[in-house]
Amino acid sequence: MLSLRCLQVFCGLALWVCCAACGDRRGDDRNTFHLNYSAGTVESIDPAFARNLYNMWTDHMVYNTLVETNENLEVVPSLAYRWEVSDDGLHYRFYLRPDVFFQNSEVFPDGRGRRMTAQDVVYSFERLIDPATASTGAWIFNGRVAEKNAFVALDDTTVQINLTAPFRPLPEILTMPYCSVVAREAVERWGKEFGQHPLGTGPFYLHYWDEGNTMVLKRNPNYWEKDEHGRRLPYLQAVQIGFVDSKATEFFLFLQGEIDFVNNIDGSFKDLVLTKNGELKKEYQHRIVLTKRPYLNTEYIGLLTDTTLPAAANAPTGNRLVRQAINYAIDREKIVRYFKNGAVTPALQGFIPKGMPAYDSAAGYGYPYNPQRALELLARAGHPKGEGLGSFTILTPDNWADIVNFVATQLRDVGIQARVEIIQANILRQQMSKSEATAFRGQWIADYPDAETFLAFFNSRFPAPPNYTRFRNATFDSLYDASMNQPDSIRQRMYRQMDSLVTSYAPVIPLFYDRMLHFTQPGIMGFSANPMNLIDLKKVRKL
């Protein structure tokens with residue numbers, strides 16, 4: 001009898017084969033890139049709703065932003081070839097390329113894509129914050145841009161963004177797919193269905209979409225970007241996307257050569273393919289190309305710190321010394337070695353992850369494993385060996401239960417009584433947002449390549465999200481405000497100072513800084529991704 005896992009893999013493979021065999025949807029395999037979205041669907045190809053990874057990947061293929069982030073975390077030109085900021089930090093001016101055209105579409109009078117102008121940028125950004133759009137990305141500009149004339153087209157190739165207060169990471173935030181430029185004609189033609197009829201300036205356009213089964217994006221023949229030899233990008237003729245909603249099946253398909261790329265690895269294949277040091281086992285080294293890239297994601301356990309809230313009023317986590325003891329009691333090195341096969345980095349330097357410019361590898365303000373120090377802090381808190389401390393519950397989704405149970409065991413070793421409760425991820429997010437979770441497993445992924453996106457997590461003026469721990473510190477808030485109109489070098493130092501301050505109060509238990517594990521077939525050349533895990537297929541070739 002087949003096991004449940006085998007049946008899942010077999011059914012997923014059968015679904016893939018059936019979808020691939022539908023007519024000529026698969027196209028020319030020699031110049032078609034095949035990948036799978038294991039979430040099982042893409043909700044929309046409207047960048048106003050680019051709220052999850054697969055939506056962002058698709059949007060990045062169909063649209064462009066004013067600027068983008070490269071593999072080295074640098075903000076580089078895209079639709080805008082240069083930009084400048086006023087001395088007071090309130091006005092950003094972007095100068096647009098004059099040779100960018102929207103993809104060909106029936107919404108244009110002659111079916112040929114028209115030239116993109118500054119008016120299109122203004123329209124796209126105003127649409128993003130229009131309540132009628134109900135965009136999940138409206139927060140990008142809300143509260144930051146001027147109430148009137150926030151976005152101004154000074155001429156066809158110059159657009160200005162006006163702010164209410166300095167915000168130096170603005171270019172970084174504009175790299176997010178939310179800030180993609182769309183064609184007004186298509187939005188007005190399709191209305192709420194625009195996400196199924198996308199129209200942008202990107203390297204690929206939507207050719208075919210059988211929702212939940214397969215999607216085909218084809219090469220935009222009029223794409224504006226060229227390689228260093230003057231050859232027009234992209235090289236690929238098509239991208240075919242499947243929607244098998246199982247990571248195990250996805251990796252099996254990869255091993256069978258049916259797809260060209262896999263992001264991360266299912267737990268059932270982890271020990272089969274990787275050593276305990278996170279390297280490919282010898283038998284797979286000639287079959288698979290593994291690329292490890294920094295991923296700006298900190299995995300953590302959050303602790304509610306505001307003792308005026310019912311969930312924290314009588315909890316041990318309300319005591320700063322206890323929170324510090326909790327941090328010292330956890331062996332992050334073991335978590336990385338035994339649960340993640342050495343593929344990630346222990347979080348020993350604060351909340352800002354490895355790979356972010358403000359990350360300090362020599363920082364002395366983290367929490368190395370030191371159970372003796374944890375016991376000393378508990379004694380200082382008036383709870384020697386945890387006596388009279390009481391207990392608390394850590395909420396976690398099922399896929400993190402093994403790590404959180406390990407954490408709870410280590411806490412019990414020093415006398416801290418922590419229970420683990422498995423909860424659905426969506427319910428957990430609701431409780432975190434309502435400040436009803438005393439302790440919770442979470443992850444914080446960079447929205448853009450500036451450490452401000454991690455430090456906003458602790459700003460007392462912000463709600464939950466992002467401030468799930470309800471951390472409040474006037475010194476921190478003052479540093480945050482002062483950093484927003486400082487040159488990069490000074491701002492990075494201030495970011496480290498803020499990270500150090502937060503770490504000393506221990507509202508979170510950083511567990512590890514993530515890394516991307518990208519698996520590609522040996523014949524794939526030119527594949528790249530930035531540290532937010534936004535993949536780029538423009539220069540991909542299949543040998």
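Quick note: numbers below take in every heavy atom, side chains included, and nothing from hydrogens, waters or symmetry partners. The model shown is predicted, which means the values in this text are computed figures rather than measured ones.
We find that Asp488 and Arg491 are joined by a salt bridge, their nearest charged nitrogen and carboxylate oxygen being less than 4.0 Å apart. By the 4.0 Å N-to-carboxylate-O rule, Arg168 lies too far from Glu452 to be salt-bridged with it.
Side-chain contact check for Thr136 and Tyr178: at least one donor-acceptor pair (N or O, by modelled atom type) lies under 3.5 Å. Counting only N and O atoms by type, the side chains of Tyr365 and Asp360 include no donor and acceptor under 3.5 Å apart. Residues Asn297 and Glu299 bring a donor and an acceptor atom of their side chains to less than 3.5 Å of each other. Asn327 and Arg373 are not linked by any side-chain donor-acceptor pair at a separation below 3.5 angstrom, with hydrogens and angles left out of the test.
Counting non-hydrogen atoms of other residues, nucleotides and ligands closer than 6.0 Å to NZ of Lys385 gives a total of 12 or fewer. No more than 12 heavy atoms of other residues, nucleotides or ligands sit less than 6.0 Å from atom CG of Asn314. The local environment of CD in Glu387 is crowded, with over 12 non-hydrogen atoms from other residues, nucleotides or ligands closer than 6.0 Å.
A side-chain donor-acceptor contact under 3.5 Å links Tyr513 to the backbone of Gln349. Remark: side-chain polar atoms of Arg515 are not paired, donor with acceptor, to backbone N or O of Lys292 under 3.5 angstrom. At least one donor-acceptor pair closer than 3.5 Å links the side chain of Lys247 to the backbone N or O of Asn263.
The aromatic rings of Trp57 and Tyr54 stand perpendicular to each other, their planes meeting at an angle above 60°, with 30° marking the opposite boundary.
At a threshold of 4.5 Å between non-hydrogen side-chain atoms, the residues Lys334 and Tyr369 do not count as touching. For the pair Phe527/His518, a side-chain contact is recorded, criterion being any heavy-atom separation below 4.5 Å from C-beta on. No side-chain heavy atom of Leu303 sits less than 4.5 Å from a side-chain heavy atom of Val508. Within the 4.5 Å cutoff, the side chain of Leu35 has heavy atoms near those of the Ile535 side chain. In this structure, the side chains of Leu290 and Leu274 come closer than 4.5 Å at one or more pairs of heavy atoms.
In this structure, Arg51 CZ and Met176 CE are separated by 13.5 Å, a value rounded to the nearest 0.5 Å. To the nearest 0.5 angstrom, Ile330 atom CD1 is 6.5 Å from Ile335 atom CD1.
For Phe251 and Phe254, the gap between ring centers is short of 6.0 Å. For Tyr338 and Phe406, the distance between ring centers is not under 6.0 angstrom. In this structure, Trp400 has its ring center under 6.0 Å from that of Phe512.
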Could you please spell out the steps behind the ring-ring contact (aromatic ring centres under 6.0 Å, His included) verdict for Phe458 and Tyr505? CA-CA 11 Å; Phe458 304 104; Tyr505 281 87; over 10 Å; no

